Novice: 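Below is the structure I would like to discuss, written out as structure tokens.
The model shown is predicted, which means the values in this text are computed figures rather than measured ones. In what follows, every chain begins at residue 1, and chains take the letters A, B, ... in the order their sequences are listed.
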2 protein chains.
Amino acid sequence: MRKRPSTLADVARRAGTSTAVVSYVMNNGPRPVAAATRERVLAAAAELGYRPNRIARALRSRTTGVAGLVLADASNPYFGALARHVERALEGRDLLTLVGNAGYSAQRQRHLVERFLAAQVDGLVIVSSDSVGDVAEVAEAAGVPAVYIHNGPAGAPVAAADNQQAVREAVAHLRGHGHRHVAFLAGPDDEGPVGVRRAAWHAAVDGDPGAELLRCDYSRATADALTRRLAAAGTLPRALVTATDEQAIGVLSGAWAHGLAVPDRLAVISLDGTPESAHTAPALTVTEQPLQAMAEQAVALLFDEAAAPLTPHAALVARRSCGCAGQDLGS
Amino acid sequence: MRKRPSTLADVARRAGTSTAVVSYVMNNGPRPVAAATRERVLAAAAELGYRPNRIARALRSRTTGVAGLVLADASNPYFGALARHVERALEGRDLLTLVGNAGYSAQRQRHLVERFLAAQVDGLVIVSSDSVGDVAEVAEAAGVPAVYIHNGPAGAPVAAADNQQAVREAVAHLRGHGHRHVAFLAGPDDEGPVGVRRAAWHAAVDGDPGAELLRCDYSRATADALTRRLAAAGTLPRALVTATDEQAIGVLSGAWAHGLAVPDRLAVISLDGTPESAHTAPALTVTEQPLQAMAEQAVALLFDEAAAPLTPHAALVARRSCGCAGQDLGS
DNA sequence: CTGAAAGCGCTTACAG
DNA sequence: CTGAAAGCGCTTACAG
């Protein structure tokens, strides 16, 4: 075992042909090969257990068949779900995916991009952290296409959903349940997609002074703590739109710990709509980010000249946390 | 812009040296370079924005600096968390990670391994699906080290925690809360780590005929549905150990939908202990899989001759779902 | 339809 | 300490 792997030359020798011919049959082109020759080559390759060395191919043909995916925060299930869709979209183009987690650090993001470029990736999909330089530019300067998804620096094209429309629907839905004041739980600042969502909420409530703006980090833990604090102070709103599922789940957890009933005492709608949101207690009503469409759009932007920059819709999925009940809306 | 990237030869030309010398300074070896020469080379590299082509390096030196990670199911947060730890452990050895999702399919798992081998990965970490052939063998035959983590075929070495001890602790903890009969929610069959957990539970309850064995898929949705069904039939146990967090979360969701209080009517302990378990409603008591230790162990097994196959402990983290209350155990 | 050969960008013996 | 050159395993003009 563990002998030297067979090469193209080994196959050519055994089949009694040139390496060029072996290459042509392995790649089905670019030039034709006589049927009989092809058979001999295929047989020789099988006998030797030949596996083409993609690295050698890459060096010569200047294409590796590998793309890089840079995540802002891999521990957030939303980004995890997004990553799976990007992987699948890339796989649809026969590309392998190299992943890296920037952990919200500009420096790590830049470092990952550099390493991926050194690995000669064919393209880069980036979920940017907030307020970080335009790393796509350095990729483009190296001749490697790069695209942002979900979040990118101002000005750069980003494959993202129509977040404004989603927020409008969420606010309208809660109002439909009779809530006059709809609060919003934003992130620590107004950057990135959450900034867009926050602004859209502000527009939707039209300056209603009873509509509170809350802020916390994008984690279950901080949203949980915030909810407990407000509950203890008796200042929890009755209707809330959260910027992310992680926050919504933390709110549910904090409300439970305080014995506050959702949706009766607090109605909640979240704006991500990850798979996790379907089986919380109670199940979350969400506007569902069209992750597959976003991923496909990003990949199209990367490789298709004519890709149109559409903005897919995030549909509202009514479950329990908003006050909808009726029959089993559980999934 | 977008001009041809600079090569080693470009740098050598500009620095007035040979390519060998440039290589020596870029890699800090394997041979010494005079300080003055090194300065000239570094300056030239900086001026040209030289970025070493790892593909060319890989072809020559037969090491790519890339490892492959094959996941059984990327949509399960447990595997997601495990993946992050593997990535980090790999990064600690300066390795990039290529990820692939087998989606519980033997064929896809095999296909991914083949593609990763073609990409000349330096090693393979595999979260195997149940009852699938030994794909690590095909990697080893190609001279590439491979290791299983969490789950591997019978006989193959696997980096995994002490699941038996974890189950024993979970059962004992529930008994400490006064429960005589502790039920177990297993997977659809007895394969893989869940089979081990199921058997350990069986031993721990010592044939107690009142201790029920339940089964469902490893998803929130099926555990949710099962819980509703049992609740409707009035046959839900009072104390339950679930094989996985996904199942536990589904149980919580189903119990909520039926108005059943956890932990009063149903006490639950889950055996994964992913980050998600800390902020459910109520917060889950778990035995926490030592993911970091497992990941580091897997990587050590891959590259260190002398790696000892230890079996790290999964500690019990008491939160609310088991009946523990006291002060804030929320996180 | 097929072969001989150059070359992708590196690393590393081999000489000096 | 440094240079000239071979070679990693492919792909692809260039000739036939």
Novice: Does A/R60 make a side-chain N or O approach to OP1 or OP2 of C/dA6 shorter than 4.0 Å?
Specialist: no
Novice: Between A/R62 and A/D122, is there a salt bridge with N-O shorter than 4.0 Å?
Specialist: no
Novice: Over all strands shown, is A/S23 touching base, sugar-phosphate only, or nothing at heavy-atom distances under 4.0 angstrom?
Specialist: base
Novice: Can you name the closest pair of heavy atoms from A/Y148 and A/V135 and give their distance?
Specialist: OH-N, 3.0 Å
Novice: Where is the tightest heavy-atom contact between A/P145 and A/F303, given as atom of each residue plus distance?
Specialist: CG-CE2, 4.5 Å
Novice: Starting the side chain at C-beta, find the nucleotide from C/dT11, D/dT11, D/dT2 nearest to B/V33.
Specialist: D/dT2
Novice: Tell me the interatomic distance from B/R62, atom CZ, to C/dC10, atom C1', rounded to whole angstroms.
Specialist: 13 Å
Novice: Which sits closer to the 5' end of DNA chain D, B/A35 or A/P30, going by the nucleotide each is nearest to?
Specialist: B/A35
Novice: Below the 4.0 Å mark, does C/dG3 have OP1 or OP2 next to a side-chain nitrogen or oxygen of A/S18?
Specialist: yes
Novice: D/dT2 phosphate, OP1 or OP2: any side-chain N/O from B/T37 under 4.0 angstrom?
Specialist: yes
Novice: Does this structure show an ion pair linking B/R115 with A/D94, if we count only N-O contacts that are shorter than 4.0 Å?
Specialist: yes
Novice: Would you say a side-chain N or O of B/R57 is under 4.0 Å from OP1 or OP2 of C/dT11?
Specialist: yes
Novice: Counting only Watson-Crick pairs (N1-N3 plus N6-O4 or O6-N4) and G-U wobbles (N1-O2, O6-N3), all under 3.5 Å, who is the partner of D/dC14?
Specialist: C/dG3
Novice: When the P atoms of C/dG9 and C/dA13 are considered, how many whole Å apart are they?
Specialist: 23 Å
Novice: When you match A/A56 and B/A34 each to their closest nucleotide on DNA chain D, which lands nearer the 5' end?
Specialist: B/A34
Novice: Using a cut-off of strictly less than 4.0 Å, decide whether A/N53 has a side-chain nitrogen or oxygen near OP1 or OP2 of D/dC8.
Specialist: no
Novice: Does a side-chain N or O of B/Y24 approach OP1 or OP2 of C/dC10 to a distance below 4.0 Å, or not?
Specialist: no
Novice: Charged N to carboxylate O below 4.0 Å: is that the case for B/R108 and A/E91?
Specialist: yes
Novice: Taking the minimum atom-to-atom distance to the side chain of A/T19, which one of D/dT11, D/dG9, C/dT11 wins?
Specialist: D/dT11
Novice: Is a donor-acceptor pair below 3.5 Å formed from side chain A/R31 to base C/dG3, judging by atom type as modelled?
Specialist: yes
Novice: For B/D10 and C/dC10, what is the distance between atoms CG and C1' respectively, to the nearest whole Å?
Specialist: 13 Å
Novice: Once you round it to whole Å, what is the distance between C1' of D/dC1 and CZ of B/R38?
Specialist: 12 Å
